[in-house]
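Each remark here refers to the structure printed beneath this line.
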Amino acid sequence: MSRVTIIGATGRLGSFASHAISGIPYVDEVLLSGRPGREQSLTALSHDLTDSCAARGSGTRITWSTDADDYADSDVIVVTSGVPRKEGQDRTDLALENARIIAPIARDIGKYAPEAIVLMITNPVDVMTAVALRYSGLEPRQVFGLGTHLDSMRLKALIASHFHVHVSEVHTRIIGEHGESMVPLWSATTIGGIRVTNLPAFAGIPVTNMVNRVKNSGSFIIKNSGATIYGPGDAIGTLVQTILGNENRILTVSSYIKSEVHNIGDVCIGVPARINRNGVFPVAIRIEESEIAAFQSSVEKIRGITQDVLEKMDMLRSSG
Ligand SMILES: NC(=O)c1ccc[n+]([C@@H]2O[C@H](COP(=O)([O-])OP(=O)(O)OC[C@H]3O[C@@H](n4cnc5c(N)ncnc54)[C@H](O)[C@@H]3O)[C@@H](O)[C@H]2O)c1
Ligand SMILES: O=C(O)C[C@H](O)C(=O)O
């Protein structure tokens, strides 16, 4: 029996992620959680998703609640609550506003669901992962963020399209910030098991254009269709399935690292991590010199914003 709770379920991403999760075979119950005042919307969404399950021949139960104590007994909690960026904003512009939304939610998770594995989605996701870790009091293995998994999938799609190969033939990773300072690891990119840098055709690929397209993907979609929904929603589904299926896949997610990448750490940021029913375990890696420098600078950026937000949150708390 597995129960997955989505906090922020009435939002654009939350509702599609709920749909994606309801299709995972290991999931018996999806609990749609929202703020008081959202009862009608939660009821309607639960009816719609129940119809969807029936149409797919799935026996997954869809329930809803506005009470935090119903987080209890959740195996996985996905948090999509928070403000999305508007056209022209950077994800990091949302840091303090969303930290103020995430902190009380994380406290409730720590109180009512201390055994759960928590997947953070709210942006800026690396910073919100650190906020959730701090305020929930859970262990680092239990709290992680979507991080650069979505960016890695975006790059994978571009590489597959460029080389006219199936996406399953491409393995690639982007580490670091889910944002401007992300670091594509060409050293860890393979097509059909062959390192891409060993393929003569790689010399002709528009690397900079591809990386810029990944960096700008979210803002392009937001500008032209309002929100990113299906890419992140299905990426959330993959992560939930990886946890509940105890699959031990290595995916690139925002996780607390001490020193796993060339002794760089003390931050929540996108890194390759093994994911299973017990949570998320960053994998120690060695990368190329230029990649180390870029990762170090991404870490410093995210560590700085995280410290700043946590300090401001402390000040807000002490001033009542
Ligand atoms: N990490 C990623 O790759 C990724 C991808 C897409 C969206 N996001 C982030 O997910 C978040 C939600 O995006 P969306 O497009 O679904 O937004 P949305 O506006 O459609 O939904 C926001 C949700 O948050 C809830 N919410 C808003 N303010 C709240 C508050 N003060 N307290 C409690 N709940 C509150 C709303 O009720 C709603 O359920 C944003 O921060 C967005 O940037 C992250
Ligand atoms: O770009 C955004 O603000 C949403 C999300 O982080 C994304 O990359 O799709």
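Remember, it's 1-based here, ligands and their atoms both numbered in the order they're listed. Worth knowing before you read on, the calculation uses all heavy atoms, side chains too, and leaves out hydrogens, waters and symmetry mates. Keep in mind that what you see is a predicted model, and the values were worked out from it rather than measured.
A salt bridge does not link Asp126 to Arg91: none of the charged nitrogens lies less than 4.0 Å from a carboxylate oxygen. The existence of a salt bridge linking Asp75 and Arg277 is confirmed by a sub-4.0 Å separation between a basic side-chain nitrogen and an acidic carboxylate oxygen. Using a cut-off of 4.0 Å between Lys/Arg side-chain N and Asp/Glu carboxylate O, Lys86 and Glu97 are scored as not salt-bridged.
In this structure, Lys215 falls outside the shell of residues with a heavy atom less than 4.0 angstrom from ligand 2.
Within the listing of ligand 2, atoms 4 (C), 5 (C), 7 (C), 9 (O) sit less than 4.0 angstrom from a heavy atom of Thr228. For ligand 2 and Arg91, the ligand atoms under 4.0 Å from any heavy atom of the residue are 1 (O), 2 (C), 3 (O), 5 (C), 6 (O), 7 (C), 8 (O). For ligand 2 and Arg85, the ligand atoms under 4.0 Å from any heavy atom of the residue are 1 (O), 2 (C), 3 (O). The distance from ligand 2 to the heavy atoms of Ile222 drops below 4.0 Å at these ligand atoms: 1 (O), 2 (C), 3 (O). Against a heavy-atom cut-off of under 4.0 Å, Arg154 is close to the following atoms of ligand 2: 7 (C), 8 (O), 9 (O). Listed by number with element, the atoms of ligand 1 under 4.0 angstrom from any heavy atom of Asn98 are 41 (O).
The protein heavy-atom contact nearest to atom 6 (O) of ligand 2 is His178 NE2, 2.6 Å.
Evaluated by nearest non-hydrogen atom to atom 4 (C) of ligand 1, the leading choice among Asn123, Ile229, Leu32 is Asn123. By heavy-atom distance, the residue among His178, Arg85, Met120 lying nearest atom 3 (O) of ligand 1 is His178. Looking at His149, Arg91, Arg38, Arg35 and measuring to atom 35 (C) of ligand 1, the nearest heavy atom belongs to Arg35. Around atom 24 (O) of ligand 1, the closest heavy atom drawn from Gly8, Gly37, Gly82 belongs to Gly82. Looking at Thr228, Thr80, Leu150 and measuring to atom 11 (C) of ligand 1, the nearest heavy atom belongs to Thr80.
More than 12 non-hydrogen atoms from other residues, nucleotides or ligands lie less than 6.0 angstrom from CZ of Arg56. In the displayed structure, Arg85 atom CZ is contacted under 6.0 Å by more than 12 heavy atoms of other residues, nucleotides or ligands.
A distance-only check finds no donor-acceptor pair linking the side chain of Asn248 to the backbone of Asn276 [under 3.5 Å]. Judged purely by atom type and a 3.5 angstrom limit, Asp93 uses its side chain to pair as donor or acceptor with the backbone of Asp90.
The N/O atoms of Thr10, backbone and side chain alike, include one that comes under 3.5 Å of an N/O atom in ligand 1. Every N/O-N/O distance between Ile101 and ligand 1 stays at or above 3.5 Å.
Under 4.0 angstrom from ligand 2, the non-hydrogen atoms of Asn123 all belong to its side chain.
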